[in-house]
Amino acid sequence: MAAFDDIHARLRTVMLDNAPGQVVSKDEAGDLVVRTATVDPKTGQPGWFGTVTIKKSYVAYHLMPLYTDAALSESVSPGLAKRRQGKTCFNFKVVDEALFGELASLTRRAAGL
């Protein structure tokens, strides 16, 4: 699990460094939850932006804007797409500098930067 702690720490940094203006609603060992600064009119709660969570066999990086932004979603490279599960989640078992760099760029674009 120590390797997953390292991966989580790296992905946590990617999320936090590239999504300024978003709101951290949970930041505990193995579990980061980031919400939008704007309230979702359907729920009356801040919207979901992303999460970084240690799971049993991988670390999950969720980027919720991929669900609603087709252009952003379609910009995912084939290499990163291999890590994709569903529309918004990318799973990692090892540190991958190139893919983490792409996630940083994708996260910045999702945050409107």
Side-chain angles (χ1 to χ4, degrees):
M1 188 82 126
F4 286 173
D5 290 338
D6 293 341
I7 297 165
H8 179 271
R10 294 292 303 284
L11 290 173
R12 176 187 174 278
T13 299
V14 167
M15 178 72 73
L16 294 176
D17 286 355
N18 295 287
Q22 308 307 317
V23 178
V24 175
S25 66
K26 185 178 188 180
D27 190 3
E28 300 173 355
D31 194 13
L32 172 69
V33 177
V34 179
R35 310 280 307 234
T36 64
T38 57
V39 173
D40 182 334
K42 294 178 186 175
T43 65
Q45 301 290 321
W48 291 100
F49 183 79
T51 66
V52 181
T53 309
I54 296 177
K55 301 293 188 177
K56 185 176 181 178
S57 58
Y58 57 88
V59 178
Y61 188 99
H62 287 268
L63 192 57
M64 300 312 285
L66 291 171
Y67 190 75
T68 56
D69 186 335
L72 187 65
S73 186
E74 291 168 4
S75 73
V76 172
S77 74
L80 188 55
K82 289 179 183 179
R83 303 279 187 186
R84 196 172 197 171
Q85 180 179 353
K87 291 184 178 186
T88 67
C89 184
F90 301 94
N91 298 334
F92 292 90
K93 294 181 179 184
V94 297
V95 170
D96 186 315
E97 295 298 339
L99 294 183
F100 287 8
E102 183 178 347
L103 273 180
S105 174
L106 197 62
T107 303
R108 278 192 303 276
R109 292 192 344 261
L113 303 177

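Bear in mind the structure is a predicted one, so any value in this text is a computation, not a measurement. Numbering starts at 1 and runs along the sequence shown.
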Give me the atom names and distance for the closest heavy-atom approach of T51 to M15. N-CE, 3.7 Å
Taking the side chain as every heavy atom from C-beta outward, state whether D69 and R109 have any pair of such atoms under 4.5 Å apart. no
Side-chain contact, heavy-atom cut-off 4.5 Å: Y58 with I7? no
Drop me the distance from Q85's CD to H62's NE2, to the nearest 0.5 angstrom. 7.5 Å
Taking all atoms of both residues into account, what is the closest heavy-atom pair of L72 and A110, and its distance? CD2-CB, 3.6 Å
What residues, two or more places apart in sequence or in another chain, satisfy side-chain hydrogen bond (donor to acceptor under 3.5 Å, both in side chains) together with Q45? none
Please report the shortest heavy-atom distance between R84 and V76, naming the atom on each side. NH1-CG2, 3.8 Å
Write down the atom of G21, the atom of A37, and the distance for their closest heavy-atom approach. O-CB, 3.3 Å
Is there a path of hydrophobic side-chain contacts, each under 4.5 Å between heavy atoms, that joins V14 and L106? yes
For the residue pair Y61 and N91, establish whether any side-chain heavy-atom pair is separated by less than 4.5 Å. no
Taking the side chain as C-beta and beyond, is there a heavy-atom pair between Q22 and T36 under 4.5 Å? yes
Same cluster for V94 and L99 if Ile/Leu/Val/Met/Phe/Trp/Tyr side chains link at under 4.5 Å? no
Minimum-distance pair of heavy atoms, taken over all atoms of K56 and F4: O-CE1, 3.7 Å
Going from CZ on R12 to CG on D31, what distance comes out if it is rounded to the nearest 0.5 angstrom? 11.5 Å
Group every Ile, Leu, Val, Met, Phe, Trp and Tyr by side-chain heavy-atom contacts under 4.5 Å, then state whether M64 and F90 land in the same group. no
State plainly whether one hydrophobic cluster holds both F49 and V33, where clusters connect Ile, Leu, Val, Met, Phe, Trp and Tyr through side-chain heavy atoms under 4.5 angstrom apart. no
Could you check if a side-chain atom of L66 sits within less than 4.5 angstrom of a side-chain atom of K87, using non-hydrogen atoms only? no
May I ask whether W48 and V23 are part of the same hydrophobic cluster, defined by side-chain heavy atoms of I, L, V, M, F, W, Y residues being less than 4.5 angstrom apart, directly or through others? no
Given side chains that start at C-beta, do those of L16 and L32 come closer than 4.5 Å, heavy atoms only? yes
Distance-only, no hydrogens or angles: does the S105 side chain make a donor-acceptor pair with backbone N or O of G101 under 3.5 Å? no
Heavy atoms, side chains only, cut-off 4.5 Å: are L103 and N18 in contact? no
How long is the span from the OH atom in Y67 to the OG atom in S73, to the nearest 0.5 Å? 11.0 Å
For the residue pair E102 and S77, what are the closest heavy atoms and their distance? OE1-OG, 2.6 Å
Side chain to side chain, V59 and I54, heavy atoms closer than 4.5 Å: yes
Does R35 have any salt bridge (Lys or Arg N to Asp or Glu O under 4.0 Å) partners at least two apart in sequence or in another chain, and if so, which? none
